[in-house]
Amino acid sequence: MAETEAALRAVAHNVRAARTRAGLSLEELGRRAQVSKGALVGLERAQGNPNLATLVRLADTLGVSVSALTQAQAEGRVRVVAADAVVPLWTGEQGGQARLLLTTPGLAPVEVWRWELAPGEVYPSHPHQAGVVETVNVISGRMILDVDGTEYPVEAGETAMFDADVPHTYRGSGTAKCHLIMTVHLPPGPGSADPPSP
């Protein structure tokens, strides 16, 4: 419970700080990100439980990484992320999960995600901001990557890369759970010049 409260406080602080840096009111951020003002007020008060889609829309609108909104600032030259410190940001109905492991600092950050998809489990993603590129490396199992209506099977040992500014969907396929590592390469933009250390 204490970890959840600390995570909500970090999200509240980071969203408010990013919104202030961007010079946006709650109303304007809500309009641009398609998130209700009430949800944003709750989020900035460390109340509620924002889902992954909401966090992605806010990050895209504010020009920052998802981890810039979710993670507390780290100190030191080397950051080791403990396995139990990475909570799922998405949990599917069949037990799949998405965990944001870390985001590299710099002008064009890279998010590193660990995903699991059960056979037939689907995660649809809205288009990201222009310039976002995703790579998907399947460690075990199989998946179907749908990019703008075209399906691409990706098997264990294969890697796919695509421009993520169009609708895209991840779907587990085959008979076993699919394990994959995803990277999200973010373009330089507002808020990227001084991102918090991941």
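Applying the ring pair (Phe, Tyr, Trp, His ring centres under 6.0 Å) criterion to His185, with sequence neighbours excluded, gives no partner residue. Qualifying side-chain contact (heavy atoms from CB on, under 4.5 Å) partners for Glu28, counting only residues two or more places apart in sequence or in other chains: Leu24, Ser25, Arg31, Arg32. A search for side-chain contact (heavy atoms from CB on, under 4.5 Å) contacts involving Ala160 returns Leu145, Val154, not counting sequence neighbours. Partners of Pro127 according to the side-chain contact (heavy atoms from CB on, under 4.5 Å) rule, which considers only residues two or more places apart in sequence or in another chain, are Pro167. In this structure Arg114 satisfies the salt bridge (Lys or Arg N to Asp or Glu O under 4.0 Å) test with no other residue, sequence neighbours excluded. Residues meeting the side-chain contact (heavy atoms from CB on, under 4.5 Å) test with Thr91, sequence neighbours left out: Pro88, Gln97. Applying the ring pair (Phe, Tyr, Trp, His ring centres under 6.0 Å) rule to Tyr123 yields the partners Trp90, Trp115; only residues at least two apart in sequence or on another chain are considered. Arg142 is linked by a salt bridge (Lys or Arg N to Asp or Glu O under 4.0 Å) to Glu155, counting only residues two or more places apart in sequence or in another chain. Applying the salt bridge (Lys or Arg N to Asp or Glu O under 4.0 Å) test to Glu116 and every residue at least two apart in sequence or in another chain returns Lys177.
Minimum interatomic distance between Cys178 and Val138 (heavy atoms only, all atoms of both residues): SG-CG1, 3.9 Å. Nearest heavy-atom pair, Thr104 versus Pro109, reported as atom, atom and distance to 0.1 Å: O-CB, 3.2 Å. Among all heavy-atom pairs drawn from Ser140 and Ala156, the shortest one is CA-CB, 3.9 Å. When all heavy atoms of Ala46 and Ala12 are compared, the closest pair comes out as N-CB, 3.6 Å. Between Gln129 and Asp165, the shortest heavy-atom contact is O-CB, 3.9 Å. The shortest non-hydrogen separation linking Gly174 to Pro119 is O-CB, 3.3 Å.
Each salt bridge (Lys or Arg N to Asp or Glu O under 4.0 Å) pair with one or both residues in residues 33-54, not counting sequence neighbours, appears once here: Arg19-Glu44, Glu27-Lys37. Within the structure, salt bridge (Lys or Arg N to Asp or Glu O under 4.0 Å) contacts touching residues 87-98 (residues at least two apart or in different chains) do not occur.
Distance check: His13 NE2 to Leu69 CG gives 12.0 Å after rounding to the nearest 0.5 Å. Distance OG1/Thr169 to CD1/Ile144: 11.5 Å, rounded to 0.5 Å. Atom CD1 in Ile181 sits 6.0 Å away from atom CG in Leu101 (nearest 0.5 Å). Here Asp163 contributes atom CG and Asp148 contributes atom CG; the two are 11.0 Å apart, rounded to the nearest 0.5 Å. Distance CG/Leu58 to CG/Leu43: 6.5 Å, rounded to 0.5 Å. Here Leu62 contributes atom CG and Leu29 contributes atom CG; the two are 5.0 Å apart, rounded to the nearest 0.5 Å.
Between Val56 and His126 there is a side-chain heavy-atom pair separated by less than 4.5 Å. When side chains are defined from C-beta on, Val66 does not count as touching Val184, because their heavy atoms never get closer than 4.5 Å. Contact check for Phe162 versus Val136: side-chain heavy atoms found under the 4.5 Å cut-off.
Hydrophobic clustering, defined by side-chain heavy atoms of Ile, Leu, Val, Met, Phe, Trp and Tyr closer than 4.5 Å, groups Met161 together with Val133.
A continuous path of Ile, Leu, Val, Met, Phe, Trp and Tyr side chains, each step under 4.5 Å between heavy atoms, connects Leu52 with Leu40, placing both in one hydrophobic cluster. Cluster annotation: Val122 and Leu89 are assigned to distinct hydrophobic clusters (Ile/Leu/Val/Met/Phe/Trp/Tyr, side-chain heavy-atom contacts under 4.5 Å, transitive).
Remark: the backbone N or O of Gly96 is paired with a side-chain donor or acceptor of Glu121 at under 3.5 angstrom. No donor-acceptor pair closer than 3.5 Å links the side chain of Ser125 to the backbone N or O of His168.
Counted within 6.0 Å of CD on Gln34, heavy atoms from surrounding residues, nucleotides or ligands total 12 or fewer; the atom is thus considered open.
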Derivation and outcome, side-chain hydrogen bond (donor to acceptor under 3.5 Å, both in side chains), residues Glu158 and Tyr152: CA-CA 11 Å; Glu158 294 182 332; Tyr152 303 88; over 6 Å; no
